[in-house]
Chemist: 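Here it is, the structure, as structure tokens.
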Amino acid sequence: MPEGHTLHRLARSHRERFAGRVVRVSSPQGRFAAGAALVDGRLLDDVTAYGKHLFAWFGDRVVHGHLGLYGKFTSGVGAAPPPRGALRMRWETDDAWTDLRGATACEVLSPDEVELIVARLGPDPLVARPDGGPAFDRLHRSRVAVGALLMDQRVIAGIGNVYRAEVLYRQLLSPFRQGRDVTAAEWEPLWTDVVTAMRAGLRSGRIVTTRPEDRPRRSGRVRQEDAHYVYRREGLPCRRCGTPVSRQVMATRNLFWCRTCQAR
DNA sequence: GCAAAATGTCAAG
DNA sequence: TTGACCTTTTGCA
């Protein structure tokens, strides 16, 4: 589920429910038991996100979460339900709770260790005044395909497989172009579009990248099958030219693109 | 009702 | 490059 917009929404909702409160932290599954004990009963100062990483600041101890492919938070108000299954981490106050399951990372770090994580990431398009410069610096020195570079969190933090495919399509750019062959004139609208698309996802909570004029129904709620240009549309006609959408693994994930519109 | 795949990352070899 | 993580959804019987 999680690309960067999901994590920023999660940080916001956790901040609203839990920041400024004393939180009971536990690990019914046991795997995070030692970490939970380090922050249990502490005041939670803030919850922040950078790229796909989540940070919960309990004074000088920070719970770092990364959802990976399966990770999920489930939240509610009132008393928490009896723990079921592999429940890695639970937060509870007198009137709210949240459960974390299936995460790739759930650990307690020092603020310095948080700095190290953020330092190795590229710019996050969802911060207040995003600067794509460092991303272009990396990209335009690389012989790696732009479709792979966009997935690299050291280049841009928070992009995932859906935004990679959709943004390249919207820019009519071939995923196979080497990074160093992407000109500044091409990069500028690409980066702007990344910021635009991910901000829309942050607002709405879902990834809708198609423009209204490219959807069969132009009013009302966007149907899921109309939300994307190419992502998971292998074999279906390109909305622009009718060519069947292609699929191939790139950077360990299924890449979707239109070989006609994205020949450039 | 079950198998496979899914918006991700890292360690082992 | 492969397996592990170990949840939820989707697609096929």
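Chain identifiers are assigned alphabetically (A, B, ...) following the order of the sequence lines, protein sequences preceding nucleic acid strands; residue numbering begins at 1 within each chain.
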Chemist: What pairs of residues pass the side-chain hydrogen bond (donor to acceptor under 3.5 Å, both in side chains) test when at least one of them lies in residues 148-162 of chain A, not counting sequence neighbours?
Modeler: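 Every pair satisfying side-chain hydrogen bond (donor to acceptor under 3.5 Å, both in side chains) with a residue in residues 148-162 of chain A: D152(A)-R154(A), N161(A)-R164(A).
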
Chemist: Donor-acceptor pairs are to be reported for all side-chain atoms of residues 76-84 of chain A against protein atoms at under 3.5 Å, with residues two or more places apart or in another chain.
Modeler:
none

Chemist: Testing the 3.5 Å rule here: is there a donor-acceptor pair between the side chains of S142(A) and R180(A)?
Modeler: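 No.
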
Chemist: Can a side chain N or O of R253(A) be found less than 4.0 Å away from OP1 or OP2 on dA6(B)?
Modeler: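 No, because none of the side-chain N or O atoms of R253(A) sits under 4.0 Å from OP1 or OP2 of dA6(B).
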
Chemist: What integer distance in Å separates R247(A):CZ from dT7(B):P?
Modeler: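 The answer, rounded to whole Å, is 11 Å.
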
Chemist: In whole angstrom, give me the gap between the P atoms of dT8(C) and dC10(B).
Modeler: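 Roughly 23 Å separates the two P atoms.
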
Chemist: How long is the line joining CD of E225(A) and C1' of dT9(C), in whole Å?
Modeler: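 Spelled out: CD on E225(A) to C1' on dT9(C) is 16 Å.
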
Chemist: Say you pick atom C1' in dT7(B) and the same atom in dT1(C); how far apart are they, in whole Å?
Modeler: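 The answer is 23 Å between these two C1' atoms.
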
Chemist: Within this structure, what is the OH-to-C1' distance between Y231(A) and dT10(C), rounded to whole angstrom?
Modeler: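 Nearest whole value for this atom pair: 12 Å.
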
Chemist: Nearest whole angstrom, please: distance from the P of dG8(B) to the CG of L255(A).
Modeler: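 Value for this atom pair: 13 Å.
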
Chemist: Atom CG in L126(A), atom CG in L202(A): separation rounded to 0.5 Å?
Modeler: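 Answer rounded to 0.5 Å: 5.5 Å.
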
Chemist: Identify, residue by residue, the members of residues 114-128 of chain A with a heavy atom below 4.0 Å from DNA chain B, and return them in order of residue number, or none.
Modeler: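 Residues of residues 114-128 of chain A that come under 4.0 Å of DNA chain B are, in numerical order, R120(A).
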
Chemist: Taking dG1(B) as the reference, what is the distance to dC6(C) when you measure between their P atoms (whole Å, please)?
Modeler: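 Roughly 26 Å separates the two P atoms.
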
Chemist: When you measure from the side-chain N and O atoms of Q153(A) to the phosphate of dT9(B), is any distance below 4.0 Å, counting only OP1 and OP2?
Modeler: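 Q153(A) to dT9(B) OP1/OP2: side-chain N or O found under 4.0 Å.
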
Chemist: Can R24(A) and D94(A) be counted as an ion pair, charged N to O under 4.0 angstrom?
Modeler: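 Here R24(A) pairs with D94(A) in a salt bridge, since their nearest N and O are under 4.0 Å apart.
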
Chemist: Starting at atom NE2 of H66(A), determine the distance to atom P of dA11(B), rounded to an integer number of angstrom.
Modeler: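 Computing the H66(A):NE2 to dA11(B):P distance gives 13 Å.
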
Chemist: Tell me whether the side-chain N/O atoms of Y163(A) come closer than 4.0 Å to OP1 or OP2 in dT7(B).
Modeler: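 Checking Y163(A) against dT7(B): no side-chain N or O falls below 4.0 Å of OP1 or OP2.
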
Chemist: Between R170(A) and D193(A), does any side-chain N to carboxylate O distance fall below 4.0 Å?
Modeler: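 So R170(A) pairs with D193(A) through a salt bridge.
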
Chemist: Can you check whether N161(A) has a side-chain N or O nearer than 4.0 Å to OP1 or OP2 of dG8(B)?
Modeler: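 False: N161(A) side-chain N/O out of range (4.0 Å or more) of dG8(B) OP1/OP2.
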
Chemist: Between the protein and nucleotides 2-6 of chain C, which nitrogen or oxygen pairs are less than 3.5 angstrom apart?
Modeler:
unit_1: dC5(C); atom_1: O3'; unit_2: R31(A); atom_2: NH1; d: 3.2
unit_1: dC5(C); atom_1: N4; unit_2: Y70(A); atom_2: OH; d: 3.2
unit_1: dC6(C); atom_1: OP1; unit_2: R31(A); atom_2: NH1; d: 2.3
unit_1: dC6(C); atom_1: OP1; unit_2: R88(A); atom_2: NH2; d: 3.3

Chemist: Which residues pass the ring pair (Phe, Tyr, Trp, His ring centres under 6.0 Å) test with F136(A), not counting sequence neighbours?
Modeler: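 F136(A) satisfies ring pair (Phe, Tyr, Trp, His ring centres under 6.0 Å) with H140(A), W187(A) once adjacent residues are dropped.
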
Chemist: Would you mind reading off the distance between N254(A) atom CG and dG8(B) atom P, rounded to a whole angstrom?
Modeler: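 It is 11 Å, rounded to the nearest whole Å.
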
Chemist: Within the structure, does a side-chain N or O atom of K52(A) lie under 4.0 Å from either OP1 or OP2 of dG8(B)?
Modeler: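 Indeed, a polar side-chain atom of K52(A) lies that close.
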
Chemist: Going by ring pair (Phe, Tyr, Trp, His ring centres under 6.0 Å), name the residues that satisfy it together with Y231(A), two or more places apart in sequence or in a different chain.
Modeler: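 If we apply the ring pair (Phe, Tyr, Trp, His ring centres under 6.0 Å) test to Y231(A), skipping adjacent residues, the hits are H228(A), F256(A).
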
Chemist: Assess whether a salt bridge exists between E186(A) and R177(A), defined as any Lys/Arg side-chain N lying under 4.0 Å from an Asp/Glu carboxylate O.
Modeler: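 Result for this pair is yes, salt bridge flagged.
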
Chemist: Quick one: does P125(A)'s side chain get under 4.5 Å of M198(A)'s, heavy atoms only?
Modeler: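 Yes, side chains in contact.
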
Chemist: Provide, to the nearest angstrom, the distance between the CZ atom belonging to R232(A) and the C1' atom belonging to dT8(C).
Modeler: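 Atom-to-atom, R232(A) to dT8(C), this comes out as 11 Å.
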
Chemist: Could you give the distance separating dG13(B) and dC5(C) at their P atoms, to the nearest angstrom?
Modeler: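 Rounded to whole Å, the distance is 14 Å.
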
Chemist: Please report, rounded to the nearest Å, how far the C1' atom of dT9(B) is from the CG atom of D152(A).
Modeler: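 Nearest whole value for this atom pair: 12 Å.
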
